[in-house]
Amino acid sequence: MPDKLNAIILMLILFSPAIKSQAINNIAILPIAADSLPVQSTKKMIRRKCPFPAKQLVIPALLIGYGVTAIENNGLKNLNDEVKEELVLENPHRGIHIDNYLQFTPAVAVYSLNMAGIKGAHNLVDRSAIYLLSNIIVNSSVSGIKKYSHQARPDGSGYSSFPSGHTAEAFASAEFLRQEYKNVSVWYGIAGYAVAATTGYLRMYNNKHWMSDVIAGAGVGIASTKIAYWLYPKIKHVLFKEKLRNTCIIPTYQNKFAGFVLIHNFSK
């Protein structure tokens, strides 16, 4: 009955100039139920709200393009050698393995800030699902590219140099932090990207990656999170149609293992 009443009021407002004028000046109009709108028009609204972030992917694409070009370009390969010589050969040192943990720091910061009462853009379920989706894209992309490119590491320890997985994860986490807190303060994003850049530097300092590996890894990481933020609302709408607001099931793939992750918000 309330849905029918809302529909009648909407028709009166649309087709009666007098009522329409009065309704515009009257704030206490009954709300129109979301599920009373046609499904097709609702899908169009979602598409308009979530356009593909093509412009936002320009910089990540350029970073990835640089790395790909460096595989065969003699000038860029020479630049890789020069960076290695300056960081490793001219200054022998022990490796610093903090980069194994530093890559996740921006993502940990998101949850720490929320626990401290500084709310981000999404609730626990949505931000966790977005982060998992970003990691699915990062890990599958890096794993596939590594196998296809088959590039030797600078220390000769293997042929999985391109792109840098640590750097990709670090920049994916940094973009995750930026997206969640860009409306709170720009400094959160800057701090996250500073940590990610440090991770990339340490990969070269530890002689595990060429500079071009790190640059490409940064592009893959940033692009993965941007795509996750664009893709998640569409997946949520298709799978759940806004019915399961506190529960989310996300397919996951990492380290050659596939499965599902169940996220439930018990706060309500």
Side-chain angles (χ1 to χ4, degrees), residues 59-110 112 131 134-135 137-178 187-226 254-255:
I59 292 178
L62 290 174
L63 296 175
I64 297 170
Y66 176 93
V68 172
T69 303
I71 293 176
E72 297 294 339
N73 185 278
N74 290 329
L76 296 181
K77 286 197 289 187
N78 290 336
L79 182 58
N80 281 339
D81 290 333
E82 291 174 7
V83 172
K84 174 184 175 179
E85 182 177 355
E86 183 174 346
L87 289 178
V88 180
L89 301 181
E90 293 182 358
N91 301 285
H93 55 266
R94 285 188 175 185
I96 301 175
H97 301 296
I98 192 176
D99 49 342
N100 292 330
Y101 310 100
L102 205 60
Q103 59 181 320
F104 302 109
T105 300
V108 172
V110 172
S112 299
Y131 182 58
S134 172
N135 271 267
I137 298 171
V138 166
N139 284 279
S140 58
S141 299
V142 169
S143 177
I145 297 172
K146 280 180 180 290
K147 290 180 180 179
Y148 181 78
S149 61
H150 197 65
Q151 294 297 301
R153 291 183 181 272
D155 64 353
S157 61
Y159 289 87
S160 57
S161 188
F162 181 84
S164 169
H166 282 66
T167 307
E169 177 63 44
F171 276 88
S173 296
E175 179 62 18
F176 175 54
L177 174 60
R178 190 189 75 84
W187 290 105
Y188 289 114
I190 293 173
Y193 270 84
V195 171
T198 302
T199 303
Y201 173 80
L202 288 175
R203 297 309 288 166
M204 296 184 291
Y205 183 83
N206 292 334
N207 202 27
K208 289 296 183 181
H209 284 286
W210 305 102
M211 185 178 73
S212 56
D213 301 337
V214 169
I215 292 174
V220 172
I222 296 169
S224 296
T225 298
K226 287 184 180 293
Q254 188 169 7
N255 297 329

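Predicted model, so just to flag it, every value in this text is computed and none were measured.
- Atom CG of residue Leu87 and atom CZ of residue Arg203 lie 13.5 Å apart, to the nearest 0.5 angstrom.
- Summarising the local packing, CD1 of Ile59 is surrounded by 12 or fewer heavy atoms from other residues, nucleotides or ligands at distances under 6.0 Å.
- Counting heavy atoms of neighbouring residues, nucleotides and ligands inside a 6.0 Å radius, atom CD of Glu72 does not exceed 12 of them.
- Here the closest heavy-atom approach between residue Lys208 and residue Ser157 is recorded as NZ-OG, 3.9 Å.
- Here Lys147 contributes atom NZ and Ile145 contributes atom CD1; the two are 12.5 Å apart, rounded to the nearest 0.5 Å.
- The two residues Lys84 and Trp210 come nearest to each other via the heavy atoms CD-CZ3, 3.7 Å.
- Summarising the geometry, atom OG1 belonging to Thr198 is positioned 11.0 Å from atom CD1 belonging to Ile96; distances are rounded to the nearest 0.5 Å.
- Taking every heavy atom of both residues into account, Tyr188 and Leu177 meet most closely at O-CD2, 3.3 Å.
- The ring pair (Phe, Tyr, Trp, His ring centres under 6.0 Å) test applied to His97 returns no partner, not counting sequence neighbours.
- What you find for Arg153 and Ser160 is that their closest heavy atoms are NH2-OG, 3.2 Å.
- Applying the salt bridge (charged side-chain N to carboxylate O under 4.0 Å, His left out) test to residues at least two apart or on different chains, none of the pairs has a partner in residues 156-167.
- The number of heavy-atom neighbours closer than 6.0 Å to CG of Leu62, taken from other residues, nucleotides and ligands shown, is above 12.
- In this pair, Phe171 and Tyr193 present their aromatic rings perpendicular. The plane angle is above 60°, beyond the 30 to 60° band.
- Atom CG of residue Asn135 and atom OG of residue Ser140 lie 10.0 Å apart, to the nearest 0.5 angstrom.
- Here the side chains of Lys146 and Val142 are in contact, with some heavy-atom distance below 4.5 Å.
- For the residue pair Thr225 and Phe176, the shortest heavy atom distance occurs at CG2-N, 3.6 Å.
- Checked options Ser164, Ser161, Ser149; the residue passing with Asp213 is Ser161 (criterion: side-chain hydrogen bond (donor to acceptor under 3.5 Å, both in side chains)).
- The heavy-atom pair separating Gly200 from Val214 by the smallest distance is O-CG2, 3.5 Å.
- Put simply, CG on Asn139 and OG on Ser134 are 9.0 Å apart, with the number rounded to the nearest 0.5 Å.
- Considering CZ of Phe104 and CG of Asp99, their distance stands at 10.5 Å, rounded to 0.5 Å.
- By the side chain to side chain donor-acceptor pair (under 3.5 Å) test, Asn100 pairs with His166, sequence neighbours left out.
- When side chains are defined from C-beta on, Val83 counts as touching Met204, because their heavy atoms get closer than 4.5 Å.
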